[in-house]
Number of protein chains: 2
Amino acid sequence: MKEKKKSLIKAISAIYRYSQTYIGENIKKYNIGKGQWNFLTQLLFNEDGLTQEELSDTLHIDKANTARALKLLEDEDYIYRQLDPKDARKKRIYVTNKSRVFEEEFHCVFKDLNKILSKDFTPEEKEMARILLYRMLDNIIAYRETQGKGK
Amino acid sequence: MKEKKKSLIKAISAIYRYSQTYIGENIKKYNIGKGQWNFLTQLLFNEDGLTQEELSDTLHIDKANTARALKLLEDEDYIYRQLDPKDARKKRIYVTNKSRVFEEEFHCVFKDLNKILSKDFTPEEKEMARILLYRMLDNIIAYRETQGKGK
DNA sequence: AAAAAACAGTTGCGATAGCAACCAAGTTCT
DNA sequence: AGAACTTGGTTGCTATCGCAACTGTTTTTT
């Protein structure tokens with residue numbers, strides 16, 4: 001029985017899908033879906049007031065999805081859009097009070113997921129995992145840029 | 001400006017999506033999509049003759065998707081299904097000669113992706129990334145089992 | 001042996017994702 | 001100023017994915 005080396009991408013795929021399911025289950029009660037968490041956490045825990053384009057770039061998500069996800073978040077009153085007074089093409093996205101009310105609860109969902117994933121990791125291993133993952137991400141972004149898909 | 005610790009799952013999500021796009025582009029010429037590579041590589045590079053359920057379990061993919069992906073692979077003549085003579089519920093999946101013809105080319109797509117992701121990694125870092133990722137996967141699988149979603 | 005339960009695979013459904021085409025607002029070029 | 005181009009966002013399309021409900025086969029229970 002030949003021992004095949006298991007590929008990085010197989011693990012990443014499975015972790016991604018199971019994590020999405022986990023997130024979906026744990027944010028369902030807020031009436032938002034697993035396609036929206038990325039945007040909401042970015043706005044809540046990093047910075048709001050970004051345009052949709054900036055959000056897309058930061059999160060590496062297609063701008064069409066960004067438009068759709070933000071629409072849903074807006075419908076549920078977690079964010080609102082405001083036209084940039086300097087440039088009427090841009091819509092700047094801000095979180096609502098409702099988002100702030102649930103901020104801590106949201107945060108827990110992601111802290112918990114992180115704990116699940118890195119269970120029994122030493123602090124050094126956690127840090128190493130983070131570093132290696134973000135290097136992989138940078139690598140594939142750099143590759144895409146050589147292919148002319150910079151953005 | 002507060003320095004936020006970046007989460008594992010954000011990186012994993014982005015890597016997953018970019019990798020899926022990469023794979024999709026590179027296997028398009030074989031008339032198969034990014035939803036099918038996981039099954040085909042498993043059958044080609046590990047073992048065929050598995051049932052759909054076994055494939056689902058190994059790849060951590062819902063059995064409904066397995067059925068659909070295999071249907072497409074069968075339509076394109078990369079695999080065939082054979083009823084298990086001992087148990088008429090089971091369909092065992094085998095790769096075709098057509099698959100074997102392209103085996104090396106397929107392999108390159110995934111080797112190349114692996115190279116892109118782990119660019120500038122030392123051999124130790126590559127190994128560490130693999131180990132940590134599979135531990136994360138095992139962790140979330142174990143968590144799911146505590147939640148009664150063993151399979 | 002008949003009924004009930006378990007198992008393997010399929011289908012229906014709704015949500016998410018990327019690409020391409022499009023529209024409206026701003027910028028640049030002549 | 002007007003034409004051409006760029007930029008930011010939206011919509012249409014198609015593919016993927018997980019869950020739930022279903023069909024047909026096998027096993028277990030009584």
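In what follows, chains carry the letters A, B, and so on, assigned in the order in which the sequence lines appear, proteins first and then strands, with residues in each chain numbered from 1. Keep in mind it's a predicted model, so treat the numbers as computed, not measured.
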ask   = Considering only side-chain heavy atoms of B:Lys34, which listed nucleotide, C:dG26, D:dT16, C:dG9, is closest?
value = D:dT16

message = Would you say B:Asn65 places a side-chain N or O within less than 4.0 Å of OP1 or OP2 belonging to D:dG18?
response = yes

task = Using the side chain to side chain contact (heavy atoms under 4.5 Å, CB included) rule, pick out the option among A:Leu70, A:Ile93, A:Ile79 that qualifies with A:Phe39.
result = A:Leu70

inquiry  = Angle between ring planes, B:Tyr94 versus B:Tyr80, binned at 30° and 60°: parallel, tilted or perpendicular?
reply    = parallel

query = Considering heavy-atom distances to DNA chain D, does A:Thr66 or B:His60 have its closest nucleotide positioned more toward the 5' end?
reply = A:Thr66

Shortest side-chain distance from B:Gln36, nucleotide among C:dG9, D:dT16, C:dA17 = D:dT16

request  = Look at the side chain of B:Thr21 and decide which nucleotide, out of D:dT25, C:dC19, D:dG18, has an atom nearest to it.
outcome  = C:dC19

Please produce a list of atom pairs where a protein N or O lies less than 3.5 Å from an N or O of nucleotides 20-24 of chain C.
none

Derivation of the salt bridge (Lys or Arg N to Asp or Glu O under 4.0 Å) call for A:Arg130 and A:Glu127 = CA-CA 5 Å; A:Arg130 198 183 317 277; A:Glu127 193 52 23; 3.7 Å; yes

ask   = Which nucleotide sits closest to the side chain of B:Thr51: C:dG9, D:dC17, C:dG18?
value = C:dG9

request  = Check the angle between the aromatic planes of A:Tyr78 and A:Phe102 and answer parallel, tilted or perpendicular using the 30° and 60° thresholds.
outcome  = tilted

ask   = What is the distance, rounded to the nearest whole Å, between atom CD of B:Glu25 and atom P of C:dG18?
value = 12 Å

key: Nucleic acid contacts of residues 71-87 of chain A, taken as heavy-atom distances under 4.0 Å to DNA chain C   = A:Leu72, A:Asp87

ask   = How close or far is atom P of C:dA17 from atom CD of B:Gln20, stated in whole angstroms?
value = 12 Å

key: hbond_proxy B:Arg92 side chain to C:dG9 base (donor-acceptor, 3.5 Å cutoff)   = no

ask   = What is the distance from CD of B:Glu53 to P of D:dT26, rounded to the nearest Å?
value = 15 Å

inquiry  = Rounded to whole Å, please give me the gap between CD1 in A:Ile23 and C1' in C:dT16.
reply    = 13 Å

key: Between D:dT7 (P) and A:Lys90 (NZ): distance, integer Å   = 11 Å

ask   = What's the CD-P distance between B:Gln52 and C:dC7, to the nearest Å?
value = 17 Å

ask   = Taking it one step at a time, do B:Glu25 and B:Lys28 satisfy salt bridge (Lys or Arg N to Asp or Glu O under 4.0 Å)?
value = CA-CA 5 Å; B:Glu25 283 166 354; B:Lys28 191 165 48 186; over 6 Å; no

ask   = Can you tell if the side chain of B:Arg135 reaches within under 4.5 Å of the side chain of A:Glu125, non-hydrogen atoms only?
value = yes

message = Quick check for you: among D:dT10, C:dG9, C:dA17, whose closest atom lies nearest to any side-chain atom of B:Lys91?
response = C:dG9

request  = Determine, stepwise, if the pair B:Arg100 / B:Glu103 fulfils salt bridge (Lys or Arg N to Asp or Glu O under 4.0 Å).
outcome  = CA-CA 5 Å; B:Arg100 291 293 175 200; B:Glu103 175 163 353; 2.8 Å; yes

inquiry  = Does the structure place the NZ or CZ of A:Lys6 under 6.0 Å from the centre of the six-membered ring of B:Tyr134, at an angle of no more than 45° from the ring's axis?
reply    = yes

Nearest heavy-atom neighbours spanning B:Phe121 and A:Leu132 = CZ-O, 3.6 Å

